[in-house]
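Below is one structure, written out as structure tokens; comments come after it.
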Amino acid sequence: MKALVKKEAAKGIWMEQVPVPTPGPNEVLIKLEKTAICGTDLHIYKWDEWSQRTIKPGLVIGHEFVGRIVDMGPGVTDYQLGDRVSAEGHIVCGHCRNCRAGRQHLCPNTVGIGVNRDGAFAEYIVMPAKNLWPIPDQIPSELAAFFDPYGNAAHCALEFDVIGEDVLITGAGPIGIIAAGICKHVGARNVVITDVNDYRLKLAADMGATRVVNVAKQSLKEVMKDLHMEGFDVALEMSGHPGAFNDMLDCMYHGGKIALLGILPNGAGINWDKVIFKGLTLHGIYGRRMYETWYKMTQMLLTGFPLQKVLTHQIHIDDFQKGFELMESGHCGKVVCSWN
Ligand code: NAD
Ligand code: ZN
């Protein structure tokens with residue numbers, strides 16, 4: 001089968017022929033319909049410091065997908081051949097304390113598809129049946145393809161109560177844009193989002209953000225004064241940029257709560273005085289809650305959440321190079337690739 005493989009320890013990604021995987025007990029074989037390019041895939045493409053540390057060349061990359069079940073190993077119940085599914089890409093151990101206590105998103109033995117084992121940029125992928133998420137007929141495949149980052153946004157945006165609150169989001173990447181939409185969807189008061197990329201800030205405005213701020217041109221403090229705000233009640237860090245995180249600490253209201261999703265560089269310094277004397281709560285977010293986040297995502301979409309507004313490009317997988325270049329340029333929201 002065709003698959004996008006990190007063939008060499010260098011910048012790039014290669015379309016290769018690899019064997020079709022076989023489903024074992026309690027696993028299914030999925031024929032991919034659509035996959036989406038994630039920032040993580042871009043890191044692997046660029047072969048940055050993190051991917052050099054993490055990725056073994058020869059890996060099939062990709063973890064955002066939707067497809068149909070075409071084969072099942074022994075022991076799979078509750079699914080039929082032909083069912084359209086996405087899946088939780090974090091495969092957990094099932095026997096650690098957190099798994100057994102129902103906190104699977106905190107399993108220390110998590111294995112990620114497309115990072116620690118072969119992923120979804122391929123004609124077929126094998127997944128454990130317990131990771132599958134069936135997609136209702138009303139949801140089109142081009143949106144089901146990126147439930148994974150939609151889930152990162154939903155997990156982060158719904159971790160603290162935002163109803164009636166003033167929310168700051170730093171970073172208008174695809175995840176920040178979706179999170180802005182979710183905060184408005186569930187009833188936040190002001191949702192202010194920052195970036196240095198006007199193309200992406202425009203998408204965030206279309207998604208319903210109250211104010212978009214290009215921090216290269218305008219100060220966040222000015223915007224707060226304009227909105228008659230003393231500080232933000234809740235904040236979502238979605239840029240991975242230390243400068244953005246420090247501005248956030250500066251603009252929080254006393255007692256504010258911060259959910260951290262963006263991956264900050266090792267050793268990034270922050271002003272601890274702001275955390276301590278303002279009594280802030282800092283909370284790291286990883287992945288999605290299994291499977292409460294998946295339930296909420298599906299239901300929000302079925303009740304009118306406009307996820308399609310972040311989908312800017314649909315391409316054929318044979319044009320993958322163009323897709324990665326688009327992602328690298330930052331002039332895109334989600335880029336979805338078709339395998340048909
Ligand atoms: P992305 O890289 O597409 O978006 C980050 C955005 O931050 C970009 O648009 C960039 O222009 C912007 N930015 C850069 N400097 C900024 C500044 N000073 N102020 C404000 N914005 C600035 O990433 P994404 O796919 O939307 O993901 C968001 C973050 O979450 C990334 O850091 C990603 O690695 C991380 N992530 C974490 C998890 C998790 O489980 N914790 C999962 C997925 C992604
Ligand atoms: Zn576990």
Side-chain angles (χ1 to χ4, degrees), residues 36-46 48 50-51 54 63-64 88-112 114-115 130 146-157 159 168-180 192-204 207 212-220 235-248 250-251 259-265 268 283-290 293 310 312 324 326-335:
I37 307 177
C38 171
T40 302
D41 304 320
L42 184 63
H43 285 297
I44 299 172
Y45 171 83
K46 289 197 212 161
D48 65 4
W50 169 83
S51 31
T54 314
H63 56 271
E64 303 181 358
E88 170 55 56
H90 286 177
I91 298 169
V92 299
C93 75
H95 55 71
C96 70
R97 176 177 174 188
N98 278 334
C99 281
R100 288 174 57 110
R103 300 184 292 259
Q104 298 173 57
H105 63 295
L106 298 174
C107 170
N109 308 313
T110 299
V111 170
V115 175
K130 67 176 168 40
F146 60 96
F147 264 37
D148 176 295
Y150 175 27
N152 294 134
H155 183 184
C156 206
E159 198 67 4
L168 171 65
I169 302 174
T170 46
I175 299 180
I177 294 167
I178 299 171
V192 176
I193 184 164
T194 68
D195 204 293
V196 290
N197 174 332
D198 285 325
Y199 179 97
R200 288 182 155 183
L201 286 171
K202 177 162 186 318
L203 292 176
M207 195 53 116
V212 300
V213 185
N214 185 329
V215 287
K217 300 178 191 164
Q218 193 184 10
S219 95
L220 196 50
L236 316 177
E237 205 309 292
M238 300 189 151
S239 73
H241 198 280
F245 185 29
N246 271 304
D247 286 350
M248 176 180 276
D250 221 22
C251 295
L260 294 161
L261 185 91
I263 298 167
L264 292 158
H283 177 42
I285 301 283
Y286 181 52
R288 298 144 294 276
R289 285 181 180 270
M290 297 168 210
T293 305
V310 76
T312 54
F324 278 88
L326 248 169
M327 288 288 289
E328 203 171 7
S329 76
H331 282 259
C332 61
K334 285 309 294 182
V335 179

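Counting starts at 1 for both ligands and their atoms, following the listed order.
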Do the side chain of Ser239 and the main chain of Gly171 share a donor and acceptor less than 3.5 angstrom apart? no
Side chain of Arg100, backbone of Gly94: donor and acceptor closer than 3.5 Å? no
Could you tell me the residue and atom name of the protein heavy atom closest to atom 5 (C) of ligand 1, and the distance to it rounded to 0.1 Å? Met238 O, 3.7 Å
Ligand 1 atoms nearer than 4.0 angstrom to some heavy atom of Gly173 are 3 (O), 4 (O), 6 (C), 9 (O), 26 (O)
Thr40 vs Val115, side-chain contact (heavy atoms from CB on, under 4.5 Å): CA-CA, chis, key distance, verdict: CA-CA 9 Å; Thr40 302; Val115 175; 4.2 Å; yes
Heavy atoms only: which of Ile169, Thr170, Asp195 lies closest to atom 6 (C) of ligand 1? Asp195
Between Leu261 and ligand 1, does any nitrogen or oxygen pair lie at a separation below 3.5 Å? yes
Please check whether Gly243 reaches ligand 1 - meaning an N/O of the residue sits under 3.5 Å from an N/O of the ligand, judged on distance alone. no
Judged by heavy atoms only, the candidate from Arg200, Met248, His241 nearest atom 1 (P) of ligand 1 is Arg200
Going from CG on Asp247 to OG1 on Thr194, what distance comes out if it is rounded to the nearest 0.5 angstrom? 7.5 Å
Is the Zn ion (ligand 2) under 2.8 Å from any N, O or S atom of Cys93? yes
In this structure, CD1 of Ile285 is separated from CG of Leu261 (nearest 0.5 Å) by 7.0 Å
Among non-hydrogen protein atoms, atom 27 (O) of ligand 1 lies closest to Ile175 CD1, 3.5 Å
Near Asn152 (heavy-atom distance under 4.0 Å), the atoms of ligand 1 are 40 (O), 42 (C), 43 (C)
Among all protein heavy atoms, pick out the one at the shortest distance from atom 34 (O) of ligand 1; state its residue, atom name and that distance to 0.1 Å. Ile263 CD1, 3.7 Å
Hey, which atoms in ligand 1 end up nearer than 4.0 Å to a heavy atom of Gly262? 29 (C), 30 (O), 32 (O), 35 (C)
Which residue owns the protein heavy atom closest to atom 22 (C) of ligand 1, what's the atom, and how far is it? Ser239 CB, 3.7 Å
Counting only heavy atoms on the protein side, is anything nearer than 4.0 Å to atom 40 (O) of ligand 1? yes
Would you call Glu88-Lys130 a salt bridge at under 4.0 Å N-O? no
Look only at the side chain of Asn246 and the backbone of Gly243, and say whether a donor-acceptor pair between them is shorter than 3.5 Å. no
Counting N and O atoms only, with roles assigned by atom type, does the side chain of Lys334 sit under 3.5 Å from a partner on the main chain of Pro149, one being a donor and the other an acceptor? no
Should the proximity of Thr194 to ligand 1, defined as any heavy atom under 4.0 Å, be assigned to the side chain, the backbone, both, or neither? both
Within a distance of under 4.0 Å, is there any protein heavy atom near atom 32 (O) of ligand 1? yes
Of Arg288, His90, His155, which meets side-chain contact (heavy atoms from CB on, under 4.5 Å) against His105? His155
Check ligand 1 against Pro174 and write out every atom of the ligand that is under 4.0 Å from a heavy-atom position of the residue. 3 (O), 26 (O)
Fit a plane to each ring of Tyr199 and His331, take the angle between them on a 0 to 90° scale, and name the class: parallel (under 30°), tilted (30 to 60°) or perpendicular (over 60°). tilted
Heteroatom proximity flag, Gly287 to ligand 1, N/O under 3.5 Å: yes
Under 3.5 Å between some N or O of ligand 1 and some N or O of Gly176? no
Three-point angle Cys107:SG, the Zn ion (ligand 2), Cys99:SG, rounded to the nearest 10°: 110°
Does Asn98 use its side chain to pair, donor to acceptor, with the backbone of Leu106 at less than 3.5 Å? yes
Side chain of Gln104, backbone of Cys107: donor and acceptor closer than 3.5 Å? no
Nearest protein heavy atom with distance in Å, relative to atom 17 (C) of ligand 1: Ala244 CB, 3.9 Å
Below 4.0 angstrom from a heavy atom of Val215, which ligand 1 atoms are there? Numbered from 1 as shown, please. 19 (N)
Using the rule given for side-chain contact (heavy atoms from CB on, under 4.5 Å), can you reason through Val213 versus Ile193, listing the C-alpha separation, both sets of side-chain angles and the distance that settles it, and then say yes or no? CA-CA 6 Å; Val213 185; Ile193 184 164; over 6 Å; no
